[in-house]
Protein chains: 2
Amino acid sequence: MKFSKATNYALHTMLFLAASPQHKLIGVQQLAERQQVSTTYLSKILTKLVKAGMIESTSGANGGYRLKRNFEEISFLDVIHAIEGTASLFECEMNHGPECLIQQVMVSAEMKMEEHLRNQKLSELAKQMPVVL
Amino acid sequence: MKFSKATNYALHTMLFLAASPQHKLIGVQQLAERQQVSTTYLSKILTKLVKAGMIESTSGANGGYRLKRNFEEISFLDVIHAIEGTASLFECEMNHGPECLIQQVMVSAEMKMEEHLRNQKLSELAKQMPVVL
DNA sequence: TATATTACGGATAATACGAGTCTATGATAT
DNA sequence: ATATCATAGACTCGTATTATCCGTAATATA
Ligand code: SF4
Ligand code: SF4
């Protein structure tokens, strides 16, 4: 029960992009070396973010990644869901129906966490970021 | 990023014990067949709960498991921590100190979930449990 | 047009971890 | 003495994560 490293990479990348001049394209090399991860692996993660509509990419020389227009609304939860999926943290075989109290406790606990992550917008955090990532 | 099945087994077992007559010892066989899990595996999990001081065990014929005196105070979070450990869900290499905003967001999100799980006492839930687990 | 640069995709490998089994040992009631 | 039951360690198995390799497509630039 841990957040994956991929999620970690995705969050750092998104915040770095948010702290950069908006229009500028940034290649995966620059993003990767800053996080000490291989370019090929980070590339796969960024492709997920592209497909989730959070960033856009440009191939070819001087290509790279850039935030999309809707950036202001993107939350931590959006990034996490894009990488880890949206399945519930708690699942049981033998489902005894939605009135089960165990499920209710576990699911609502997860929702408390998600609510907090949904309220944290990347744009807000980027403003407050002190130095480097 | 999912709760382990072991946590699931532990929660169900604890709630079943809570719904049983307090003094009575219940063997692992009975607990295991109810959850469709092997006795040897469930046994390992229960041993963790014993070491965490939540239940007590008696060896030998007619032995088994039973809740401890402090049962009223035990929460969902206690059980989960006993099985999954207490390490943070979010960890980063390159730790840039506690003032990092990313860490703060992730850790406080986890704390929101934990707060909710800490408030859910097994004894409370056992009273409200409708039928079987 | 040719070339360098860059993102994308599939296949594959390495690693870690969860889930589960097997077996031996020790404790306890009858 | 024997059957029952919990405990502990070694071990296997499957799957998800992490990561690498390589070929292809797109694009800027000379
Ligand atoms: S009791 Fe609740 S949590 Fe357990 S298997 Fe049934 S529905 Fe799932
Ligand atoms: S920026 Fe924050 S989350 Fe990222 S590595 Fe540094 S301390 Fe950890």
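Naming: A, B, ... by sequence-line order, numbering from 1 per chain. Being a predicted model, the structure only gives us computed values, none of them experimental.
- Applying the side-chain contact (heavy atoms from CB on, under 4.5 Å) test to E110(A) and every residue at least two apart in sequence or in another chain returns S88(A), L89(A), E114(A).
- In this structure, E91(B) places its CD atom 16 Å from P of dA16(C), rounding to the nearest Å.
- Close to dC8(C), at under 4.0 Å from its OP1 or OP2, lies a side-chain N or O of T47(A).
- I80(B) has its CD1 atom 15 Å from the P atom of dG18(C), to the nearest Å.
- Shown here are the side-chain contact (heavy atoms from CB on, under 4.5 Å) partners of A32(B), two or more places apart in sequence or in another chain: V37(B), T39(B), L42(B).
- Counting any heavy atom pair closer than 4.0 Å across all strands shown, K51(B) reaches sugar-phosphate atoms only and no base atom.
- Rounded to an integer number of Å, the gap from L49(B) CG to dA8(D) P is 13 Å.
- Between K48(A) atom NZ and dC8(C) atom C1' there is a gap of 15 Å when expressed in whole angstrom units.
- Two residues, M1(A) and Q29(A), neighbour DNA chain C, and the one matched to the more 5' nucleotide by heavy-atom proximity is Q29(A).
- Separating the CG atom of N8(B) from the P atom of dG20(C) is a distance of 11 Å, rounded to the nearest angstrom.
- For the side-chain contact (heavy atoms from CB on, under 4.5 Å) test, residues two or more places apart in sequence or in another chain that qualify with A109(B) are M113(A), H116(A), L117(A).
- A straight line from NZ of K2(B) to P of dT15(D) spans 16 Å, rounded to a whole angstrom.
- Atom P of nucleotide dG18(C) and atom CD1 of I45(B) are separated by 12 Å, given to the nearest angstrom.
- The separation between L25(A) atom CG and dA7(C) atom P is 9 Å, rounded to whole Å.
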Summary of protein contacts for nucleotides 18-30 of chain D, nucleotide by nucleotide, where a base hit scores B, a sugar-phosphate-only hit scores S (4.0 Å, heavy atoms): BBB-----BBSS-
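- If you run side-chain contact (heavy atoms from CB on, under 4.5 Å) between Y65(B) and each of L49(B), L25(B), T13(B), L46(B), only L46(B) comes through.
- Side chain of E84(A) to backbone of T7(A): no donor-acceptor contact under 3.5 angstrom is found.
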Can you give the donor-acceptor pairs under 3.5 Å from side chains of residues 50-64 of chain A to other protein atoms, not counting sequence neighbours?
unit_1	atom_1	unit_2	atom_2	d
E56(A)	OE2	R66(A)	NE	3.4

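- E124(B) meets the side-chain contact (heavy atoms from CB on, under 4.5 Å) test with K121(B), K127(B), Q128(B); sequence neighbours excluded.
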